[in-house]
There are 2 protein chains.
Amino acid sequence: MRGHVGARRRNTWQRAAVLQAISQAPCHITAEELHDRLRRTRPIGLATVYRALDAFVRDGVLEPAHVGDGKVRYGLAARHHDHLVCLHCGAWEALKACLVPRLPRRLAPGFKVTGHQVEVYGYCARCQAATA
Amino acid sequence: MRGHVGARRRNTWQRAAVLQAISQAPCHITAEELHDRLRRTRPIGLATVYRALDAFVRDGVLEPAHVGDGKVRYGLAARHHDHLVCLHCGAWEALKACLVPRLPRRLAPGFKVTGHQVEVYGYCARCQAATA
DNA sequence: CCTCAATATGATAATCGTTCTCGGATTGAA
DNA sequence: TTCAATCCGAGAACGATTATCATATTGAGG
Ligand SMILES: [Mn+2]
Ligand SMILES: [Mn+2]
Ligand SMILES: [Zn+2]
Ligand SMILES: [Zn+2]
């Protein structure tokens, strides 16, 4: 056989484009948003976007964020930040700073920590006014 | 009209059963797991379980948790805790203590904080061994 | 205790984000 | 240049959650 080590990762313009688009986004974005933006320049498959995102998450380059609307959002791990989420209207916004700046590398025996994500729940100003 | 204030919440055995089942669970559970357990005692609709969970989250009694497998899990807000999530196999486990014990009630102007959730990402012992 | 308008339930269909399939295109070590 | 390992793209499949809507229940007022 030619190559025998396996599990090598190849370089494709699709993966480079995904990473570049995410690095230009101000906050976490969904796979579909990413797909729409990338398609304006060059045709690319949605499945390819999903596969690239998964690979980057496994590599520790991207971090997923869950804001509770059923969509996973992705952002650069290097620009880590957390989010506020309104339990009433679902609106969400980025927090300026990380709430857990110093995370112990080992929280449980044998578990290797690579990142984290915090969602703070509550009610936004508008929904507080509407409920009052 | 008889009643005119509106938005009153009624008491049903379904909602009581949902809350009781969750309080007996050691960690966060999904709507489907809950539905399966409750059905062993008395017939109950899955949609009803989902509605009860949403209502309790809005009331601040339950907190949702996202471990990245596409399913939302629910647990008592009074027994708040965070989770470790393996990026390779998806396994997750509860952390003993909360990583953000004192959360500022106001992180952003006008936003009322009611709770939070932390997901710590990394690789479990088994997957580290498999990847090494 | 009755009434009955407001709510809740449950069976099922519909939604929709994500994953899977598979034939064809790319990549890159040798 | 070769070619096996990988990756891509289009579309089907999947699965968790939500929407429908006819029927049942709740509970304040009388
Ligand atoms: Mn963000
Ligand atoms: Mn838990
Ligand atoms: Zn809101
Ligand atoms: Zn693992």
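All values below come from the heavy atoms of this structure, side chains included, with hydrogens, waters and symmetry mates left out. So that the names make sense, note that chain A is the first sequence line, chain B the second, and so on, each numbered from 1. Note that the coordinates shown come from a computational prediction; the quantities given were computed from them, not determined experimentally.
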Given B:Y74, which partner from the list B:I29, B:V18, B:V57 fulfils the side chain to side chain contact (heavy atoms under 4.5 Å, CB included) test?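 So the option named by the test is B:V57.
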In a check of side chain to side chain contact (heavy atoms under 4.5 Å, CB included) between B:L53 and each of B:L19, B:L34, B:V72, B:T30, which one passes?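 Among B:L19, B:L34, B:V72, B:T30, the one meeting side chain to side chain contact (heavy atoms under 4.5 Å, CB included) with B:L53 is B:L34.
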Whole-Å gap separating [atom2] ([N]) and [atom1] ([X]):
{"X": "A:D69", "N": "D:dT17", "atom1": "CG", "atom2": "P", "answer": "13 Å"}
{"X": "A:D36", "N": "C:dC16", "atom1": "CG", "atom2": "P", "answer": "15 Å"}
{"X": "B:Y50", "N": "D:dG15", "atom1": "OH", "atom2": "P", "answer": "13 Å"}
{"X": "B:R58", "N": "C:dA8", "atom1": "CZ", "atom2": "C1'", "answer": "13 Å"}
{"X": "B:L53", "N": "D:dT18", "atom1": "CG", "atom2": "C1'", "answer": "13 Å"}
{"X": "A:H66", "N": "C:dG17", "atom1": "NE2", "atom2": "C1'", "answer": "13 Å"}

Would you say the side chain of A:R73 lies within less than 4.5 Å of the side chain of A:H83, judging by non-hydrogen atoms? no
Any side-chain heavy atom of A:R15 within less than 4.5 Å of one from A:Q20? no
Can a donor-acceptor pair be found between the side chains of B:H80 and B:E63 at a distance below 3.5 Å?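 Short answer, yes.
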Would you call the rings of A:Y123 and A:H88 parallel, tilted or perpendicular, taking 30° and 60° as the class edges? tilted
Pairwise N/O distances under 3.5 Å, protein to nucleotides 7-11 of chain D:
| residue | atom | partner | partner atom | Å |
| --- | --- | --- | --- | --- |
| D:dC7 | OP1 | A:R15 | NH2 | 2.9 |
| D:dC8 | OP1 | A:T12 | OG1 | 2.9 |
| D:dC8 | O3' | A:Q14 | NE2 | 2.9 |
| D:dG9 | OP1 | A:Q14 | NE2 | 3.3 |
| D:dG9 | OP2 | A:G45 | N | 3.2 |
| D:dG9 | OP2 | A:T48 | OG1 | 2.4 |
| D:dG9 | N7 | A:R51 | NH2 | 2.7 |
| D:dG9 | O6 | A:R51 | NH1 | 3.3 |

How many angstroms lie between CZ in B:R51 and CG in B:L46, if you round to the nearest 0.5 Å?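 Spacing of CZ (B:R51) from CG (B:L46) equals 9.5 Å.
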Strand-adjacent residues in residues 27-35 of chain A, judged by heavy atoms under 4.0 Å from DNA chain C: A:E32
Looking at C:dT27, I'd like to know if its phosphate oxygens (OP1 or OP2) sit under 4.0 Å from a side-chain N or O belonging to A:N11.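 For C:dT27, OP1/OP2 do not have a side-chain N/O of A:N11 under 4.0 Å.
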Evaluate the criterion side-chain contact (heavy atoms from CB on, under 4.5 Å) for residue pair A:R58 and A:R9; output intermediate values, then yes/no. CA-CA 12 Å; A:R58 282 195 299 270; A:R9 185 145 292 164; 3.8 Å; yes
